[in-house]
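All of these numbers come straight from a predicted model, not from anything done at the bench.
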Number of protein chains: 2
Amino acid sequence: MVTIKQISEKLRLSPATVSRALNGYPEVSAKTRILVEETARNLNYRPNQLAKKLATGRSGMIGLVLPPSNDKGFDPTFFDVMTGLSRRLTELDLDLVFHAPVFGDDIEPFRRLVGKQAVDGFIVTNPRLSDARIDFLLEEDIPFVVHGRNASEQPGFAYFDIDNFRVGYDATKLLLDLGHRKICFLNGPDDVHFSFERKRGFEKALADHGSDAASGAVRHGRMSESYGYREALAALSLPPAQRPTAFVSSSTIIAAGILRAVRDKGLRVPDDVSIVSHDDAPPQLDAMGFDPALTVTYSPLRDACGPLADILQGLLNGENLDKLQITEEAELIVRQSTGPSPSVDQSKGQTA
Amino acid sequence: MVTIKQISEKLRLSPATVSRALNGYPEVSAKTRILVEETARNLNYRPNQLAKKLATGRSGMIGLVLPPSNDKGFDPTFFDVMTGLSRRLTELDLDLVFHAPVFGDDIEPFRRLVGKQAVDGFIVTNPRLSDARIDFLLEEDIPFVVHGRNASEQPGFAYFDIDNFRVGYDATKLLLDLGHRKICFLNGPDDVHFSFERKRGFEKALADHGSDAASGAVRHGRMSESYGYREALAALSLPPAQRPTAFVSSSTIIAAGILRAVRDKGLRVPDDVSIVSHDDAPPQLDAMGFDPALTVTYSPLRDACGPLADILQGLLNGENLDKLQITEEAELIVRQSTGPSPSVDQSKGQTA
DNA sequence: TTGAAAGCGCTAACAT
DNA sequence: ATGTTAGCGCTTTCAA
């Protein structure tokens, strides 16, 4: 184990100068810097992170806790985010400390990590509208960034989110413009912010459409293939007058279920039924690979990892909060799963 | 932030005594200890891990790196193990540092973590028969425990494994005893130790059975439903004389594929085809919930987490290696997916 | 049984 | 541009 002291002795310099040279401080002479860097390399010097941390008061560790209520089968999505975060944090020379809460106590891992002063900050995923973890961290004044948001209008914390209102709005508007008048929205759980926002967008698009008799139904549920299948089957089994001609889906996995239900009913996409889904590009499911290729609002989860890491680092470096609250747009990609409403002549122009 | 020094001042003791009292050293008087512990509690004292680590030279962190070549969709199994490990390590007051390698360089995260002296040891999962990570850690003389084994007969490292020879042997023997003579083994990948061992067990059971014309075929592949389906379908499409009457499967997910193939062929389990699978109880798939309930060799992955953590701690505490190389038996559980070979009279006793 | 003092390896005022 | 000094909070000889 070669230390700064050893380098300094060898070079007949003070440890302080060596430290400065190694850490890129401006006041060391070019000559000294070169010399120090060279010997450090030759001696295969590795800074002792622990000592560094003790001296600076920062641990270089970021806490990531498995979100609660993942009792039955976990969210593969979380894993996707975790690996992405790890990669980006590594570039920032930060390490990810992972904890899984024992069932029943979701904030214990936070309390623990905070108590041990083991981490400089947290990344919070899968926030709920009302989230005890966020409340705790706010209370304790620990730096953290949230992937998504909670219910508050003006969150007092850093976050990265997509514009879920627009996700709901754009998808719905597209369908309305295609002439669909009965639209069924298979949304996510009812206690998360993104579901809430998408529903708002859905309803706003419907309202904006005007007095025209467009109507929509919103369902909430745990995002899964079977949820999509079950709800879509039920909707498609309604009498013709109430049967939807289009679905909005909050995830590709739900869309897979919808697609299966449509087929089981002997219907075709997009001729009889249109589908537009949100696509966060989970690693195991490719919306483009669907048959037909899915029209989506596109915003890969892994694209959030870089920003999340960067935001947290900004936070740790004392940057201003309002630069650290970011909302990004999802991109509407029209593919083959959407078409004109069957009851409407394709050539007829729509008034938006 | 209350420190040892503050406690010592308040109590008019030396920091050393406070430290000793807090860490359960035998030489402090009962009176002092009580006093110190009480004030520590009142002041809500939290030892600074960093300082502790600097002084002791141990980081209290364990490295866990996502195993390589999980490019397309990751192994949910790994996630299961990771959460289990986190829970147990927490009890041992160790924290898990997670890293995901960037594609192409599997040992870079190890090199990095070792270089930074960020962790005291590693847990290595999904070992290959020849594994660069193991070679690296051995070379660098870093403590680590492997979940499974590599190809070496006498590994020079700590590991926790199940008796995969017996897994293959027991499953096969059960089928032979039921009168099956054509058995198809859908094994895991061919470059991992467990596949190798199970294959050995499979072949040994066949050999032990004697001159009697029992024959087996072994397939290797990435464990997935589609692999099971594809291979089983192919096997069941053989001419009757070569068609297997029983399958051995290396995972429940493969077994699901086999089951689907059997059904697609219009056959029944166990009347026409028997299935015995290894069951490591992945969170998303319950072998008991199969229809019919699966006969399995049972050894939940999560049961390995405790031992793995304990072994690593033993290693860090300098325990002897031979106490830290553990092989456990899997349990054969006979349920409804196995029955007598269709060509054999059910009442006829078999000579094992 | 307790205290004093040194040190883990590094950083950061404050001098020079 | 470089050196001196003092810590960060804790553990651990050594001495009393």
Side-chain angles (χ1 to χ4, degrees), chain A residues 1-40 43-61 93 95 114-120 316-318, chain B residues 1-37 39-40 43-61 93 95 114-120 316-317:
Chain A
M1 265 257 9
V2 29
T3 71
I4 275 195
K5 199 165 154 212
Q6 292 172 22
I7 299 183
S8 73
E9 278 163 4
K10 177 152 189 169
L11 258 37
R12 313 188 134 273
L13 284 168
S14 78
T17 305
V18 175
S19 170
R20 284 188 278 247
L22 256 17
N23 290 297
Y25 280 58
E27 64 260 40
V28 286
S29 73
K31 201 178 71 178
T32 318
R33 164 163 292 129
I34 306 266
L35 197 61
V36 169
E37 281 173 346
E38 195 167 296
T39 35
L43 264 38
N44 192 28
Y45 166 77
R46 303 267 162 223
N48 182 323
Q49 300 297 318
L50 257 28
K52 208 165 194 162
K53 289 164 188 172
L54 220 213
T56 59
R58 277 171 51 167
S59 75
M61 300 276 169
D93 203 34
D95 293 303
V114 168
K116 289 179 72 175
Q117 299 158 104
V119 300
D120 295 333
L316 296 179
N317 292 338
Chain B
M1 264 258 8
V2 30
T3 72
I4 276 196
K5 198 165 154 212
Q6 292 172 22
I7 299 183
S8 74
E9 276 163 6
K10 178 154 189 170
L11 258 38
R12 314 191 131 269
L13 283 169
S14 76
T17 304
V18 174
S19 170
R20 285 190 276 248
L22 255 18
N23 291 297
Y25 280 55
E27 64 260 38
V28 288
S29 73
K31 202 178 70 179
T32 319
R33 163 162 295 129
I34 306 264
L35 198 60
V36 169
E37 281 173 346
T39 37
L43 265 39
N44 192 28
Y45 165 77
R46 302 270 162 221
N48 181 323
Q49 300 297 318
L50 257 26
K52 208 166 193 161
K53 288 164 190 171
L54 219 212
T56 58
R58 275 170 54 166
S59 76
M61 299 276 168
D93 204 33
D95 293 303
V114 168
K116 287 180 72 174
Q117 300 159 104
V119 300
D120 296 333
L316 296 178
N317 292 337

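Here B/Arg12 lies in heavy-atom contact (under 4.0 Å) with sugar-phosphate atoms only. Note on A/Arg33: nothing from the nucleic acid sits closer than 4.0 angstrom, heavy atoms only.
Every residue meeting the side-chain hydrogen bond (donor to acceptor under 3.5 Å, both in side chains) condition with A/Asp93, not counting sequence neighbours, appears here in chain and number order: B/Arg112, B/Lys116. Taking A/Arg46 as the reference, A/Asn44 meet the side-chain hydrogen bond (donor to acceptor under 3.5 Å, both in side chains) condition, with sequence neighbours excluded. Residues meeting the side-chain contact (heavy atoms from CB on, under 4.5 Å) test with B/Ala55, sequence neighbours left out: none. Qualifying side-chain contact (heavy atoms from CB on, under 4.5 Å) partners for A/Leu35, counting only residues two or more places apart in sequence or in other chains: A/Leu11. Listed by chain and residue number, nothing satisfies the side-chain hydrogen bond (donor to acceptor under 3.5 Å, both in side chains) test with A/Thr56 (two or more places apart in sequence, or in another chain). Partners of B/Leu43 according to the side-chain contact (heavy atoms from CB on, under 4.5 Å) rule, which considers only residues two or more places apart in sequence or in another chain, are B/Val2, B/Ile7, B/Lys10. Every residue meeting the side-chain hydrogen bond (donor to acceptor under 3.5 Å, both in side chains) condition with B/Asp120, not counting sequence neighbours, appears here in chain and number order: B/Ser59.
Between B/Leu13 and B/Thr32, the closest side-chain pair of non-hydrogen atoms falls below 4.5 Å.
Overall bending of the helix from C/dT1-D/dA16 to C/dT16-D/dA1, expressed as the angle between end axes built from five pairs apiece, is 40° (10° steps).
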Legend entry - Summary of protein contacts for nucleotides 8-16 of chain C, nucleotide by nucleotide, where a base hit scores B, a sugar-phosphate-only hit scores S (4.0 Å, heavy atoms): BBBBBB---
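The nucleotide range of DNA chain D contacted by chain B, defined by atoms under 4.0 angstrom from heavy atoms of the protein and reported 5' to 3', is D/dG9 to D/dT13.
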Inset, instruction - Check step by step if side-chain contact (heavy atoms from CB on, under 4.5 Å) holds for B/Thr39 and B/Tyr45. - result: CA-CA 8 Å; B/Thr39 37; B/Tyr45 165 77; over 6 Å; no
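Within the structure, the side-chain hydrogen bond (donor to acceptor under 3.5 Å, both in side chains) test picks out the following pairs touching residues 15-26 of chain A (sequence neighbours left out): A/Ser14-A/Thr17, A/Ser19-A/Asn23.
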